[in-house]
There are 2 protein chains.
Amino acid sequence: MNKPHPLATGDKTQGTSKKTAIETVQEQIRERVISGALGPGERLHVDKLRLEFGVSTSTMREAISRLLIDDLVTSEQQRGFRVAPLTLKDFRDITDARKMIEAEALRVSLANRTEDWEADLVAAYHRLSRIEERLIGEGKPEFAPDWDEWNSNFHDCLVQNCDNAWLKRFRRTLHQHSYRYHRRLIDDRSLPRDVRVEHKAIFDTAIAGDIAACVAAIEAHIEKSYTDLTQQHDLSD
Amino acid sequence: MNKPHPLATGDKTQGTSKKTAIETVQEQIRERVISGALGPGERLHVDKLRLEFGVSTSTMREAISRLLIDDLVTSEQQRGFRVAPLTLKDFRDITDARKMIEAEALRVSLANRTEDWEADLVAAYHRLSRIEERLIGEGKPEFAPDWDEWNSNFHDCLVQNCDNAWLKRFRRTLHQHSYRYHRRLIDDRSLPRDVRVEHKAIFDTAIAGDIAACVAAIEAHIEKSYTDLTQQHDLSD
DNA sequence: ATGGAAAAAATAATCGTTTTTTATTTGACC
DNA sequence: GGTCAAATAAAAAACGATTATTTTTTCCAT
């Protein structure tokens with residue numbers, strides 16, 4: 001594995017897989033929801049959006065419908081779709097669920113370690129820490145164009161050997177939602193957190209094969225992310 | 001509090017249920033997938049189905065699309081929809097994930113116990129055990145029209161006080177899939193299992209407030225369900 | 001003014017058809 | 001007889017229009 005999925009935002013002409021219109025639209029709406037361009041609780045006007053994207057009603061509806069899959073959008077009968085709301089309680093619940101599921105996925109993954117995986121992990125960690133070192137001077141290691149991507153990649157790599165598809169699926173969903181909170185809550189008032197030490201702890205214990213310590217490090221990492229982000233913020237608007 | 005509305009599939013608006021065509025079709029397809037009327041791996045022909053249900057293409061597509069939510073259906077670009085396959089490995093994974101998630105939901109729920117909940121649980125257990133006693137003579141306590149319903153109800157009741165919506169959602173998804181395996185694997189060769197003692201253990205420990213014992217009982221219950229069903233069967237066809 | 005029924009506007013749901021893509025068959029050529 | 005490619009058939013995806021429902025506005029009676 002080399003590069004973690006370059007977010008193909010291109011025309012359909014180039015590229016190996018010609019995406020279907022539904023998939024293309026689905027991805028773009030997802031991006032808007034996660035980035036906050038479509039705010040929590042906001043209504044999804046099928047007709048407006050369909051004109052904007054230049055697709056038909058049914059294509060638009062099906063694209064939106066598929067976002068119900070990961071709960072990024074909700075639907076209420078006869079009154080359309082709505083972006084899932086953001087609440088502190090929900091973020092708390094996500095954090096708890098993540099701690100449990102990510103921990104278990106990690107346990108399984110570490111138990112199934114292979115040489116290839118170890119090499120992948122070393123590479124992933126290397127890239128991530130390079131970026132973090134570069135960014136640390138700017139005081140915002142957690143907010144950069146490709147940090148997200150490589151941070152995700154590192155964490156994905158950790159659980160890569162977990163062969164339980166359900167755990168991985170739940171983990172992915174939760175991570176996605178978590179990231180939406182992240183995007184929403186991080187701002188100039190946020191304390192710049194140095195995640196390097198946390199990532200190092202996770203990496204070292206993983207390589208050392210100390211499952212218990214690695215699980216503890218991940219759980220602390222997830223919890224700390226919640227605490228830091230919710231410290232001086234609220235979600236009342 | 002009287003009847004905890006059996007088989008309420010997460011619907012928030014009971015009563016004035018003027019269901020939309022999409023929802024109606026969605027539920028019927030779901031039922032067919034779970035019951036096995038639509039077999040694992042089978043293709044979902046939009047045109048055939050739409051004629052059968054008397055709806056349009058887009059309605060049918062959207063209904064099927066929404067089953068992607070709980071992974072009962074898969075979609076492959078440009079080649080339509082397909083019923084999710086059934087494999088032994090998948091059942092094993094579901095069982096593992098269920099044990100973890102159900103256990104955690106139970107822990108939270110028991111920690112949040114209320115008097116109302118206790119009354120509900122007593123009632124739910126009572127109804128279930130009555131049915132089981134009636135059925136035990138027939139040698140197949142696990143296979144009866146309303147046993148499923150009240151068994152579900154009992155288990156739902158146990159985790160009712162868990163206020164983590166994510167855990168409950170994951171639990172519901174897994175339970176649904178687990179039930180599909182159940183429907184598929186149970187047959188005349190299955191040993192008639194006496195689940196009464198297991199349910200009694202769960203109930204007693206729950207009422208007694210012995211969280212650790214109750215969690216252990218649930219985990220054993222889930223595991224036993226897997227073991228019994230997979231004993232003399234295979235999923236090769 | 002004000003509450004509420006009736007009319008109008010907006011938006012969601014559904015429809016049946018057309019276009020695009022994939023699967024299958026046919027038939028010339030080696 | 002076997003291979004490959006064009007022709008055909010089948011099915012999926014996308015379309016834009018129609019119908020049903022909900023929300024907003026209007027306007028009359030209290």
Side-chain angles (χ1 to χ4, degrees), chain A residues 8 10-30 32-33 38-69 71-85, chain B residues 9 11-30 32-33 38-39 41-69 71-85:
Chain A
D11 33 75
K12 20 195 121 176
T13 53
Q14 88 98 250
T16 47
S17 57
K18 32 187 168 174
K19 286 199 186 91
T20 188
I22 291 173
E23 288 172 312
T24 307
V25 174
Q26 181 189 355
E27 274 172 34
Q28 305 218 48
I29 301 283
R30 162 180 286 131
R32 289 192 189 187
V33 170
L38 285 166
E42 190 174 326
R43 288 187 60 185
L44 261 35
H45 294 271
V46 177
D47 212 55
K48 300 259 189 308
L49 289 168
R50 89 154 236 271
L51 289 169
E52 187 185 336
F53 283 94
V55 297
S56 73
T57 311
S58 10
T59 303
M60 196 68 222
R61 280 186 65 88
E62 198 173 324
I64 296 176
S65 284
R66 292 196 185 187
L67 290 180
L68 293 169
I69 294 173
D71 250 334
L72 287 171
V73 158
T74 62
S75 132
E76 218 175 329
Q77 63 164 253
Q78 303 292 20
R79 68 195 59 174
F81 304 100
R82 209 171 260 284
V83 176
Chain B
T9 48
D11 104 61
K12 18 200 127 159
T13 50
Q14 40 103 321
T16 45
S17 53
K18 208 192 282 183
K19 282 196 191 101
T20 189
I22 292 174
E23 289 172 310
T24 308
V25 173
Q26 181 188 355
E27 275 171 34
Q28 306 216 53
I29 301 284
R30 164 180 284 130
R32 288 193 190 185
V33 170
L38 285 166
E42 188 174 328
R43 287 189 61 184
L44 262 34
H45 292 271
V46 177
D47 212 57
K48 299 258 189 309
L49 289 168
R50 87 154 238 272
L51 289 169
E52 186 183 337
F53 283 95
V55 297
S56 72
T57 311
S58 9
T59 303
M60 197 68 219
R61 279 187 64 89
E62 198 173 325
I64 295 176
S65 283
R66 291 194 186 190
L67 289 181
L68 294 169
I69 294 174
D71 252 331
L72 286 171
V73 158
T74 63
S75 139
E76 216 177 331
Q77 63 165 244
Q78 306 291 20
R79 68 197 56 172
F81 304 98
R82 209 169 261 283
V83 176

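Proteins get letters first, then strands, A, B, ... in listed order; numbering begins at 1 in each.
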Partner of B/I29 under side chain to side chain contact (heavy atoms under 4.5 Å, CB included), picked from B/V83, B/L72, B/L67, is B/L67

For the pair made of [atom1] in [X] and [atom2] in [N], what is the distance, rounded to whole Å?
X	N	atom1	atom2	answer
B/Q77	D/dA13	CD	P	9 Å
A/K19	D/dA14	NZ	P	13 Å
A/E76	D/dT22	CD	P	11 Å
A/E42	C/dT11	CD	P	13 Å
B/I22	C/dC15	CD1	P	9 Å
B/L49	D/dA11	CG	C1'	13 Å
B/D47	D/dA14	CG	P	16 Å
A/F81	C/dT11	CZ	C1'	12 Å

(message) Regarding A/K48 and A/E52, does a basic nitrogen lie under 4.0 Å from an acidic carboxylate oxygen?
(response) no

Quick check on [N]: is either OP1 or OP2 less than 4.0 Å from any side-chain nitrogen or oxygen of [X]?
X	N	result
A/S58	D/dA14	no
B/T59	C/dT14	no
A/S56	D/dA14	no
A/K48	C/dA10	no
B/R61	D/dA13	yes
A/T57	D/dG16	no

Ranking C/dA13, C/dA12, D/dA12 by distance to the side chain of B/V46, first place goes to D/dA12

Out of D/dA12, D/dT21, C/dC15, minimum distance to the side chain of B/H45 belongs to D/dA12

5'-most contact on DNA chain C (nearest-nucleotide basis), B/R43 vs B/G54, goes to B/G54

| task | Check whether any side-chain heavy atom of A/I64 lies under 4.5 Å from a side-chain heavy atom of A/V25, and answer yes or no. | result | no

Tell me if a side-chain donor or acceptor on A/R50 pairs with a main-chain N or O of A/V55 at a distance below 3.5 Å. yes

- Task: Consider only side-chain N and O atoms of A/E62 and B/S65, and report whether a donor and an acceptor are under 3.5 Å apart.
- Result: yes

Of A/R79 and A/E23, the one whose closest nucleotide on DNA chain D sits nearer the 5' end is A/E23

